[in-house]
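Encoded as structure tokens, the structure appears first; notes follow it.
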Amino acid sequence: MNQNLYNYILGIADNSLILGQRLGELTGHGPSLETDIACTNISLDFFGQVRSYYQYAAKIAGDKRTEDNIAMLRKEREYVNVLLVEQPNTNFAYTIARQFLFDVYHFLFLTELEKSKDLTLSAIATKSLKEVSYHQRFSTDWLKRLGDGTAESKEKMQEAINDLWTYTDELFHQTEADKAMVKDGIGVDVTALKEVYYKKVNEILEEATLEIPESKWFQKGGKQGIHTEHLGYLLSDLQYMQRTYPNMEW
Amino acid sequence: MSTKNWPLWEVFVRSKNGLEHRHCGSLHAADEDMALENARDVYTRRSEGVSIWVVESKHITASNPENNGEMFEPAHDKVYRHPTFYDLPDEVKHM
Amino acid sequence: MSEEQIKSLEEQFEARIARDEKIEPKDWMPEKYRKTHIRQMSQHAHSEIVGMLPEGNWITRAPSLRRKVALLAKVQDEAGHGLYLYSATETLGISREEMYEQLHTGKAKYSSIFNYPTITWADMGAIGWLVDGAAIINQVPLCNTSYGPYARAMIRVCKEESFHQRQGYEIMIKLANGTPEQKEMAQDALNRWWWPSLMMLGPTDAESIHTEQSMKWKLKRKSNDDLRQQFIDQTVPQAELIGLTIPDTDLKWNEERGSYDFGEIDWDEFWQVVKGHGPMNKERMKARVNAWENGEWVRDAAMAHASKKQQRKEKQAV
């Protein structure tokens with residue numbers, strides 16, 4: 001089995017899994033029925049992507065692994081999503097900020113992944129790009145509404161951006177699997193996306209009349225499985241059934 | 001306390017090219033961009049559409065059913081607008 | 001308008017309905033018709049929205065990715081159905097916000113079944129199978145009800161809901177055919193949801209206050225007791241097929257009637273839950289009120305932004 005390719009896929013898929021799970025928490029609790037339905041749609045897009053990635057990873061592993069035990073039966077240190085996506089739904093501004101900061105990256109990333117030599121990854125990227133293009137539109141529009149809305153919403157939106165900013169740099173860190181896959185023409189060189197990313201994010205923040213955070217201190221570790229305290233709780237929900245009732249079909 | 005609630009919009013969806021947009025329901029949105037996005041998320045979840053129109057409900061002018069007599073009944077006896085009004089010999093099969 | 005004129009309008013109105021004509025929003029209608037429809041339609045919408053909560057409770061804990069997406073899509077549909085129904089009700093001259101207000105203050109009711117807790121995964125199966133099963137029986141006749149917007153909303157709802165019951169029954173099949181532990185989980189869920197599902201079809205005909213008028217307006221085509229019998233007759237064989245036992249020792253096939261006889265329903269429990277004393281009434285309402293109140297600044301911001309955008313547009317045009 002190509003361990004690097006396997007790890008590389010998890011590095012992409014775990015982001016979608018954790019963010020999809022976070023959005024799923026909101027179903028039924030959104031600020032309006034319409035936004036509720038929209039956020040659930042985004043969550044469903046993520047889980048669709050997740051299933052394609054994990055099914056492919058399971059095939060590469062070629063053993064007893066399945067999409068479900070890859071998704072739900074790893075230990076906390078084995079999840080390699082970025083810290084950004086595991087941050088909680090503190091309020092709707094945090095949900096939007098997290099989504100926006102991830103969507104801009106995700107779109108750039110998939111645009112490159114589409115060119116991958118690996119045809120399965122390339123096909124998943126093509127399909128996901130359409131979804132993510134819409135996610136980006138949704139989160140950008142909401143960022144502008146909340147940034148350039150009322151004084152209260154501006155304050156909340158700014159606070160969320162400031163708090164989550166510290167997790168953005170990690171998006172552009174390369175793992176060992178990344179380096180190997182870039183070399184093989186399969187993976188995306190994320191370091192090359194950084195400049196465009198911040199340029200784009202900053203432009204939109206300005207348009208939303210928000211300030212670009214000055215902080216230059218960034219958190220990292222997610223890609224190495226060193227997470228914030230939030231992930232453990234998310235996983236205890238996600239894994240509850242599989243852990244409590246091992247080896248059963250649902 | 002909210003000063004203003006999101007206004008109501010009417011949604012029209014074209015199910016495929018070649019067909020007209022049809023009214024499929026309404027929703028709430030703060031502005032036209034949001035109305036379009038909400039319409040996409042609410043009314044095309046099962047691939048029901050290829051094109052969407054939204055219009056704020058207050059911009060629709062509707063006829064009043066109380067005037068239905070003068071509005072619509074005068075058309076009832078204008079049977080000469082319909083092909084069946086005209087007599088043709090049976091030999092003419094298609095016209 | 002004189003009393004006589006109103007009476008003649010009412011007669012014409014009832015005659016139209018009797019002829020199966022549809023009533024549309026701008027048509028003249030008796031005040032009672034409008035009020036009854038606002039009550040029933042908003043109650044229906046509230047049930048969809050509150051109904052998202054017991055199932056939403058298991059989204060983060062669904063046992064597989066396949067189950068998770070199905071559940072997400074189902075709960076999302078319920079939001080959609082609430083939305084269609086609120087919109088249809090708005091055509092009668094009440095705003096969604098007013099309807100929320102009635103829900104949040106306890107003035108408006110919703111289906112009492114959602115005041116029971118979902119404590120195991122099997123409850124997702126039981127809800128889909130039984131609760132949606134009972135709902136479908138109630139809803140299908142409404143596709144043909146007299147008020148146009150309601151009928152149209154229901155056509156859309158029924159079309160979309162066809163996967164909901166299957167989704168639930170499939171969960172039950174899988175559990176019933178699974179390990180002893182899984183089967184026990186399924187039986188336990190059936191035991192807890194069976195009676196509330198029967199109650200969900202409404203009080204007995206003798207106690208139902210709205211039935212006769214509702215029949216005339218095609219808000220109802222069959223009596224509560226008939227619907228309940230239909231539900232039992234169709235569900236018992238489905239339980240047998242997967243080896244689960246209906247928790248009713250009096251349940252027996254009646255050859256003569258061609259229907260099942262069944263045990264007594266605990267109507268006292270039903271009325272207690274309706275009055276707000278169910279296990280989850282307070283939590284359900286709190287969740288709805290919280291969502292609405294926590295969302296207020298978001299909705300306000302969107303309106304403020306929209307008006308800023310509009311002003312900028314107007315300025316540019318000058």
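Labels below follow one simple rule: chain letters A, B, ... track the order of the sequence lines, proteins then strands, and each chain is numbered from 1. Below, each value reflects all heavy atoms present in this structure, side chains not excepted, and no hydrogens, waters or symmetry copies.
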Please list, in residue-number order, every residue in residues 26-44 of chain B that has a heavy atom less than 4.5 Å from any heavy atom of chain C; write 'none' if there are none. B:Ser26, B:Leu27, B:His28, B:Ala30, B:Asp31, B:Glu32, B:Asp33, B:Met34, B:Val42, B:Tyr43
Assess whether atom CD of C:Glu4 is packed by more than 12 heavy atoms of other residues, nucleotides or ligands within 6.0 Å. no
Applying a heavy-atom distance below 4.5 Å, give me the residues of residues 65-95 of chain B that approach chain C, sorted by number. B:Pro65
For chain B, which candidate among C:His305, C:Lys309, C:Arg152 shows the most heavy-atom pairs at distances under 4.5 Å? C:Lys309
Are more than 12 heavy atoms, taken from residues, nucleotides or ligands other than C:Arg16, located less than 6.0 Å from that residue's CZ atom? yes
For atom CZ of B:Arg22, is the number of surrounding heavy atoms from other residues, nucleotides or ligands below 6.0 Å larger than 12? no
So for B:Glu48, is it side chain, backbone, both, or neither that comes closer than 4.5 Å to the heavy atoms of chain C? side chain
Quick one: what part of C:Glu160 sits under 4.5 Å from any heavy atom of chain B, side chain, backbone, both or neither? both
Is it the side chain or the backbone of C:Arg156 that comes within 4.5 Å of chain B heavy atoms, both, or neither? side chain
NZ of C:Lys26: more than 12 outside heavy atoms within 6.0 angstrom? yes
C:Lys286 atom NZ, over 12 foreign heavy atoms within 6.0 Å: no
Tell me, side chain or backbone of B:Ser63 under 4.5 Å from chain C's heavy atoms, or both, or neither? backbone
Of all the residues in residues 67-83 of chain C, which have a heavy atom that comes within less than 4.5 Å of a heavy atom in chain B? C:Gln76, C:Asp77, C:Gly80, C:Leu83
Sequence neighbours excluded, the answer for salt bridge (Lys or Arg N to Asp or Glu O under 4.0 Å) partners of C:Glu10 is none
Near B:Glu20 CD, under 6.0 Å, is it more than 12 heavy atoms from other residues, nucleotides or ligands? yes
With a 4.5 Å limit on heavy-atom distance, are the side chains of B:Asn5 and C:Arg299 in contact? no
